[in-house]
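Bear in mind that the values here come from a model prediction, so they are computed numbers and not experimental data.
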Amino acid sequence: MRLGFVKGAAALCLTAAAASAGVLYVAQRNRPPLVIEVMASQGETLAASQTADTERPRVLIYHTHTWEAYEMEEGAQYQPTETWRTKDDRYNMVRVGEALAQELSRLGFAVVHDQTAFEPPNLSQAYTRSLEMIKERLDAGETYDYVLDIHRDAFSGLWNGANCVEREDGERLAYVMLLVGKGTGATGSGFDERPDWPQNLALAEEITQELGTLVPGISREVKVKTGRFNQHVSTGAVLIEVGNNKNTLSEALASSPVIAEAIARVHEARRSASE
């Protein structure tokens with residue numbers, strides 16, 4: 001991924017995690033399409049961004065349904081835009097994406113976290129707007145090994161008799177489910193390009209298996225649906241549901257390190273297999 005100067009740098013928030021390891025995490029909200037050089041928030045160029053690191057795995061995290069939120073809890077009270085939705089990024093999917101981005105960065109990934117709100121002005125066209133963002137990035141020369149759309153699910157009943165996994169120390173982790181679109185069922189102009197969904201499915205299944213190895217019971221089976229969910233842009237594109245609206249933000253955040261570790265294990269296994 002070529003990183004460079006972003007016009008309108010005041011709107012760009014950068015955080016470097018594990019700086020000694022050269023890890024880069026870039027959070028961007030409403031970024032302009034052209035990227036030439038990434039600058040630190042203090043106006044100083046990050047050392048990690050001065051040269052292109054072609055070996056570091058590259059991840060784009062975004063949220064088509066940006067304002068999805070969780071059950072309110074003490075210390076996590078928000079102003080709803082509607083039930084279980086808020087534009088307050090401290091409590092919606094942006095917060096979960098931020099946690100995941102930081103964990104992946106700590107594990108050596110170069111992460112761009114696009115925090116643009118794609119729901120307004122109407123939810124029904126959110127996927128169209130998030131696709132425009134992805135296309136702008138790819139057209140500008142950015143490349144990614146993994147493109148992750150982070151959501152939360154809608155509660156549909158208890159799974160395995162509970163709504164989360166509870167560790168022996170009492171920590172509660174939201175269930176995680178990956179979704180893959182087959183690209184069928186879409187009609188009209190612009191939907192001729194279909195996902196290579198078997199490859200996306202293979203990735204989702206590998207991540208799901210690693211999740212279950214790390215924390216038994218945390219992963220639900222991969223859901224395969226019609227529609228493409230913008231997954232035609234990459235064979236590394238998956239949608240990740242972190243809990244549901246009846247979970248709390250704390251439970252969703254507790255699952256983020258597990259998701260990151262599972263992705264890291266899959267990446268390493270694939271890298272080793274290709275050598």
In terms of side-chain geometry, is the basic nitrogen of R129 or E119 positioned less than 4.0 Å from the acidic oxygen of its partner?
-> no
In terms of hydrophobic clustering (I, L, V, M, F, W, Y; side-chain heavy atoms under 4.5 Å; direct or indirect links), are M133 and L123 co-clustered?
-> no
How long is the span from the CG atom in L100 to the OG atom in S256, to the nearest 0.5 Å?
-> 5.5 Å
Taking atom types as modelled, is there a side-chain donor on D196 or T235 under 3.5 Å from an acceptor on the other?
-> no
Same cluster (ILVMFWY, side-chain, under 4.5 Å), Y78 and W67 = no
Centroid-centroid distance, Y127 to F229, less than 6.0 Å | yes
Are any side-chain N or O atoms of R220 and backbone N or O atoms of M177, one a donor and one an acceptor, separated by less than 3.5 Å?
-> no
Decide yes or no for E136 and E142: does some side-chain heavy atom of the first lie under 4.5 Å from some side-chain heavy atom of the second?
-> no
Could R271 and E268 be called an ion pair, given the rule that one side-chain N must be under 4.0 Å from one carboxylate O?
-> yes
Would you confirm whether the ring centroid of Y146 sits within less than 6.0 angstrom of the ring centroid of H267?
-> yes
Pairwise side-chain contact, N247 with V242, heavy-atom cut-off 4.5 Å (strictly under) | no
Please confirm whether the backbone N or O of T248 pairs with a side-chain atom of E251, one donor and one acceptor, at under 3.5 Å?
-> yes
Shared hydrophobic cluster, L179 / I240 (ILVMFWY, side-chain heavy atoms < 4.5 Å) | no
With hydrophobic residues grouped by side-chain heavy-atom distances under 4.5 Å, do I259 and L239 end up in a single group?
-> no
To the nearest 0.5 Å, how far apart are CZ in R172 and OG in S255?
-> 11.0 Å
Stepwise side-chain contact (heavy atoms from CB on, under 4.5 Å) check, R152 with N245 = CA-CA 7 Å; R152 63 109 175 106; N245 58 288; 3.7 Å; yes
Are any non-hydrogen side-chain atoms of V222 and V180 less than 4.5 angstrom apart?
-> yes
With distance as the sole test, does R106 use its side chain to make a donor-acceptor pair with the main-chain N or O of P257 at under 3.5 Å?
-> no
Kindly indicate whether the side chain of L173, heavy atoms from C-beta on, has any atom under 4.5 Å from the side chain of C164.
-> no
N/O donor-acceptor pair under 3.5 Å between Q77 side chain and E73 backbone | yes
With ring centroids as reference points, do Y70 and W84 lie under 6.0 angstrom apart?
-> no
Heavy-atom check, side chain of K182 versus side chain of K225, under 4.5 Å = no
Pairwise distance CG(L214) to CD(E261) - rounded to 0.5 angstrom | 5.5 Å
Inter-residue atom distance L148.CG - I207.CD1, 0.5 Å rounding | 7.0 Å
Is R95 salt-bridged to D88, going by a charged N under 4.0 Å from an acidic O?
-> no
Full working for side-chain contact (heavy atoms from CB on, under 4.5 Å) between I263 and L104 = CA-CA 8 Å; I263 293 170; L104 284 169; 4.2 Å; yes
Answer whether the closest heavy-atom distance between the side chains of Y144 and V233 falls below 4.5 Å.
-> no
Determine yes or no for a side-chain-to-main-chain donor-acceptor pair under 3.5 angstrom, with R58 supplying the side chain and T143 the backbone.
-> yes
Can you tell me how far NE2 of H113 sits from CD1 of I150, rounded to the nearest 0.5 angstrom?
-> 8.0 Å
Grab the two heavy atoms, one from F109 and one from V59, that are nearest each other, plus how far apart they are.
-> CD2-CG2, 3.5 Å
Test log, rule side-chain contact (heavy atoms from CB on, under 4.5 Å), inputs R85 and E68 = CA-CA 5 Å; R85 271 188 148 79; E68 290 177 331; 3.5 Å; yes
E168 atom CD: more than 12 heavy-atom contacts under 6.0 Å = no
Minimum-distance pair of heavy atoms, taken over all atoms of N244 and A154 = CB-C, 3.9 Å
Can you find a heavy atom in the side chain of I61 that is under 4.5 Å from one in the side chain of D114?
-> no
Report yes or no: does N92 contribute a side-chain atom to a donor-acceptor pair with the main-chain N or O of A69 at less than 3.5 Å?
-> no
Could you tell me whether a side-chain N or O of T86 sits under 3.5 Å from a main-chain N or O of Q79, the two making a donor and an acceptor?
-> yes
When rounded to the nearest 0.5 angstrom, what is the spacing between CD in E71 and CZ in F155?
-> 10.0 Å
Identify whether L107 and V266 are in the same connected component of the hydrophobic contact network (ILVMFWY, side-chain heavy atoms under 4.5 Å).
-> yes
What one should report as the nearest heavy-atom pair of S219 and L211 is CB-CB, 3.7 Å
In short, V94 meets H63 closest at the heavy-atom pair CA-NE2, 3.8 Å
Is a donor on one side and an acceptor on the other found under 3.5 Å between the side chain of Q231 and the backbone of G181?
-> yes
V147 and Y62: which non-hydrogen atoms are nearest, and at how many Å?
-> CG1-CE2, 3.6 Å
Enclosure of E205 CD (heavy-atom neighbours >12, cutoff 6.0 Å) | yes
Please answer whether the main-chain N or O of K87 pairs with a side-chain N or O of T81 as donor and acceptor at a distance below 3.5 Å.
-> no
Shortest non-hydrogen contact from V238 to A204?
-> CG1-CB, 4.1 Å
Would you say the side chains of N230 and H232 form a donor-acceptor pair under 3.5 Å?
-> no
Distance-only, no hydrogens or angles: does the E241 side chain make a donor-acceptor pair with backbone N or O of D153 under 3.5 Å?
-> yes
